[in-house]
Every structure is written in structure tokens, then in C-alpha cells.
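The chains referred to below are lettered A, B, ... by the order of the sequence lines, with proteins before strands, and numbering in each begins at 1.
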Amino acid sequence: MIDIKRIREETDVVRQAVADKNMRVDIDRILAVDGKRRELETEFNNLRHEQKQAGEKIAKAGKDEKAALSQEMGKVKARIQAIEEDLAQVEAELNELMLTVPQVPSPESPRGPDASGNVEVRKHGATRNKADFGFPFRDHVEIGESLKLFDLERGVKLAGSRNYVLTGAGAMLHEAVLRLAWDIMMEAGFTPMTVPVLVTEKLMYGTGFFPLHRDEVYLCERDEQCLVGTAEVPVTGFHGDEILSLDELPKTYVARSTCFRREAGAAGRDTRGLYRIHFFDKLEQVVVCKADAAESAKWHEKIIANSEKTLQALELPYRVVEVCTGDMGQGKYRMYDIETWMPSREAYSETHSASAFHDFQARRLNLRYRDENGKPQFCHTLNNTVIASPRILIPLLELNQLADGGVRVPEALRKYMGGMERID
RNA sequence: GGAGAGGUGGCCGAGCGGCUUAAGGCAACGGUUUGCUAAACCGUCAUACUCUGUAAAGGGGUAUCGGGGGUUCGAAUCCCCCCCUCUCCGCCA
């Protein structure tokens, strides 16, 4: 959500944001409905004022006068009820429209229509293609099946397409990666938490996933709850409807959760292996800080650094990409993806996503703090993947495969795997 | 899942149709007093929208007593539905 005043006062800026983000939002309609709302509200307020004053008079009046006044106020009551009905309708429409208005992106974000407009910021580590291995390259599916690291067929048997079961050393590797990431975040001083993964719809609106991305979410409609696609949802919502004091900011949280995604728009895409699946585990970092662009930007850098540190510990080559306006999504102010090199795809592929929202989520969540002058302000929120598995196992297995068919375990993971140096 | 009791400002807690613009207390903040601290005393002490107004400020109005609907000239107060919390019972990792 953005401030409606901004739509009134900086209409062109908002229009440009809609265009830059490749969205369609009827700004004129919003302005019209907002005007109508204010008109009705003023009338409502005036009538209520009249009603309240009359109420005082009636309380003190004699019997006859009381009856006369009451009858008179009956008319006012009817008008108030009519206006209330109109107002409710207008407010509902305005709210619905407002939920679709994008955050105005950073002037520094590259402008572009889609992923093609994203800009590489930096690279780390040496990449290797299939031909560079010096022995017949096997992709992660072949490695996993031969070493019994996961079972895709039985995953489908249990839960349908895009499901899987990690087994044996595969499950161990999955846990090891998450535990390494956990320890890195503990060292960074973030506060760990466990959070519900089945949450209210209100929270999905609050974090900006609804209404636009409803199709991508599993609904438990009988209970009016949703399975989250990321721990960002409950963690960012943790302080919703609160006014934090300045001295308790920033809040730096990290939470592991299973993430559920319908992948509704991706039918037929990335169907092989563990790349695009309906559930996975992710360690997510979330920062809530004061509404200061520089402060917010500083934390954005910090949470990206945490993720890079994790990838470096895993010895994985990656690049950081700045996401352009057309690809960043409705709520984002600025966004970076980290893409890890995957030899089977002969490409860097998205494994992390670092977003700065400014006050977009905080407004929807009513997440505030009291500033230096004691005035409530909306916080800024940010989040980034620390590690998501099993997707990260794709480059991990492929890049560490050995000529003899085994897989080398990276140094940093060995202590989480009982000292195991290789998987055979 | 069954039975009962509740949900009022940052917290405690009164109010159960119109002298409530939500009493009183605690905490917090500002001030007076003081050698310092404490105490005492005085003051401030919700949020949102809106109108008015200013260099800042300020002032007026409306809404909000878990959420929604209803009754009434008038609802924190009465009625209905929902949500949540607590106690007891049942079930359970």
C-alpha cells in the first residue's frame, strides 16, 4: 500500500511507477473514488455531529419536546443510514483499488519490461560447463538417482507432480546446508524464530501477496487460512498492528520454514528434478527498520552480504543481479536476486531474492514505530533468502561430482554430516 | 470437541441506554522543590480520517471500548453472529 495522499499529490510519479512496473492500475478511477469518499465522509461527519447535539438536547428535554425532537431526528437517522451504505460501497471499491497500486520503485533501479532488463552487479567464483568436467557430466537428477539421494517417482506417488522425497545422504545434505546457514545468521546476530506456516488471509494481504498473487498460494478455504510460500509472511507480520519504540529498531529476524508454492503460472516449465517444486525449506532473513532510505539501503546490503557469505562457504559460484522495475513485483522499492551457477542449465539461476519494500508492507500491516518526535511512522521492511533447499542442492551436487560417480562434500558442511567427506 | 467465565487506552481497572469530551490508579514524559537520589506536588499522556490554519504550532469535527450486523432520536452499555483468551472435562505429538 502506498499513501493515498501521494496519489493525490504526486499523481504523475505514481502513474510512472505503474508504467515502469508494467502494471495496469486505473489511477483516475482511484482519484475519483477517493474524492467521492471524502465528500461522503464530510457529509456523514456533519450529520453525526448534528445527531449527537440533538441527543444531548433530547436527554434534557421534557416529555412533549422529547417526542417532537425524536421524530425530527428520525429523518436525520434515515439520511445517515443512506450515506453509510454509499460510503461502505465507495470505501470497499477504494480499498480494492488501493491494494493493486504498486510501490514507487527506486530511481536507481534499472527500468525494464521483464527479466531481460535485469542488470548484473557482480560475480563471484569460477563457472564450469558440462564439457569442462573432464568426464561424462551428470546432472543432479542422475547423480541423485544413482546415489539414492532423493526419490522423485515416489514423491509424485505421494503428492502428485513436482513433489519429491529426499533420502539418506540427500536428506543429510539438505539439513546440513540449512544448519550452516543458520549458524552464519546466528553469528550475524539475527534473532531466530519459529513461525506458523498456515496463516490468515489478512496476513497475505498485509505482506502484499494478495490479491495479485492469490493463484500461487495454497488455500485452506474451510479454515480461511493459507500455506505460506515463505517465512517472510509471518516474520514480517510479527509486529503488525504495533507501534514499536525507536530504541528497539532495527529488528533483525531469521526463520526457517517449509514453503509451499502452487507454481500455477509455470505449468510445463522446469519439470525436471528439484528446480521447481511445490514445497521446500528455506531460511529467510527479515529486517524491520525505521523509515529512512539510507538506513533501509544499508540493511539491504547487509542481508545480501549474509547470503553471499553462505554461498561462499558452500563454495558455489554466483552472481548478484539488480532486478529491473518490470520484473520486481508490486511492492518492491528495490530488489536484487542472487543467481547460483548451475552446470546442467549452463546458466546462473535464481536461488535468492533480496527485496526492500520501504513502507509498502508496513502500511498494509499497520506496522509502525514512534520517531524522534514521538510521532507514529510506518517502518521499512526488507527480506532475503539465506538459503533455500533443495534447489541449492542442484549446483551443490553438480559442481562437486567426481569422476568415479561420488560427490565431494564441501568442507563447511562436513561437521553437519558427521564428518562425511564424500557421498558414494 | 463439550461446559462455564471473560475481552474497555502502554498496563491495571470502573462504567452495564443520554452529566463519559471513557472515572480512578500504575507506568512513562515535562516541570516545581532539592547538595544528589527518593518522595511530594503541578502538568502532559491513544490512533486514524477530515475541516481550518501556520514559518513551525494550534484549533474544530468524526470514528474507534475484540470484529461484524441489529434495536434506538441516542449504544462501551441491550439483541444476534463470528473471533480470541482463561478455567474444567475429553482427545492428542
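- Pairs passing the side-chain hydrogen bond (donor to acceptor under 3.5 Å, both in side chains) check and including a residue from residues 87-101 of chain A, sequence neighbours excluded, read Arg29(A)-Glu93(A).
- In this structure Glu39(A) satisfies the salt bridge (Lys or Arg N to Asp or Glu O under 4.0 Å) test together with Lys36(A), sequence neighbours excluded.
- Taking 4.0 angstrom as the limit, Gln51(A) places none of its side-chain polar atoms (N or O) nearer than this to OP1 or OP2 of C73(B).
- What separates CG of Asp223(A) from P of C83(B) is a distance of 11 Å, to the nearest Å.
- In this structure, Arg37(A) atom CZ and A48(B) atom C1' are separated by 11 Å, rounded to whole Å.
- In this structure, Phe190(A) and Trp299(A) have perpendicular ring planes: the angle between them is above 60°, well past the 30° mark.
- Across C26(B) and G17(B), the matching C1' atoms stand 31 Å from one another, rounded to whole Å.
- Lys302(A) pairs by the salt bridge (Lys or Arg N to Asp or Glu O under 4.0 Å) definition with nothing, not counting sequence neighbours.
- Counting to the nearest Å, the C1' atom of U47(B) and the CG atom of Leu244(A) are 15 Å from each other.
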When you check every protein heavy atom under 4.0 Å of nucleotides 57-66 of chain B, what one-letter string (B, S, -) results, 5' to 3'? ----BSS---
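- The salt bridge (Lys or Arg N to Asp or Glu O under 4.0 Å) search around Asp3(A) returns Arg363(A), not counting sequence neighbours.
- Residue pairs satisfying the salt bridge (charged side-chain N to carboxylate O under 4.0 Å, His left out) criterion with at least one member in residues 414-424 of chain A, sequence neighbours excluded, are listed as follows: Asp404(A)-Arg422(A), Glu411(A)-Arg414(A), Arg422(A)-Asp424(A).
- Taking a pair as Watson-Crick or G-U wobble with both distances under 3.5 Å, the runs of three or more consecutive pairs in RNA chain B are B:1-7 with B:83-89, B:10-12 with B:24-26, B:28-32 with B:40-44, B:46-52 with B:58-64, B:66-70 with B:78-82.
- Taking atom CG of Asp241(A) as the reference point, atom P of C84(B) lies 16 Å away to the nearest angstrom.
- Contact annotation: Arg370(A) side-chain N/O to A46(B) OP1/OP2 distance is not under 4.0 Å.
- Residues in residues 374-399 of chain A take part in no salt bridge (charged side-chain N to carboxylate O under 4.0 Å, His left out) pair, two or more places apart or across chains.
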Without placing hydrogens or testing angles, list every side-chain donor-acceptor pair under 3.5 Å for residues 217-231 of chain A, not counting sequence neighbours.
| residue | atom | partner | partner atom | Å |
| --- | --- | --- | --- | --- |
| Tyr218(A) | OH | His278(A) | ND1 | 3.2 |
| Thr230(A) | OG1 | Glu232(A) | N | 3.0 |
| Thr230(A) | OG1 | Lys282(A) | NZ | 2.7 |

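- As rounded to the nearest Å, U72(B) and C88(B) have C1' atoms that lie 40 Å from one another.
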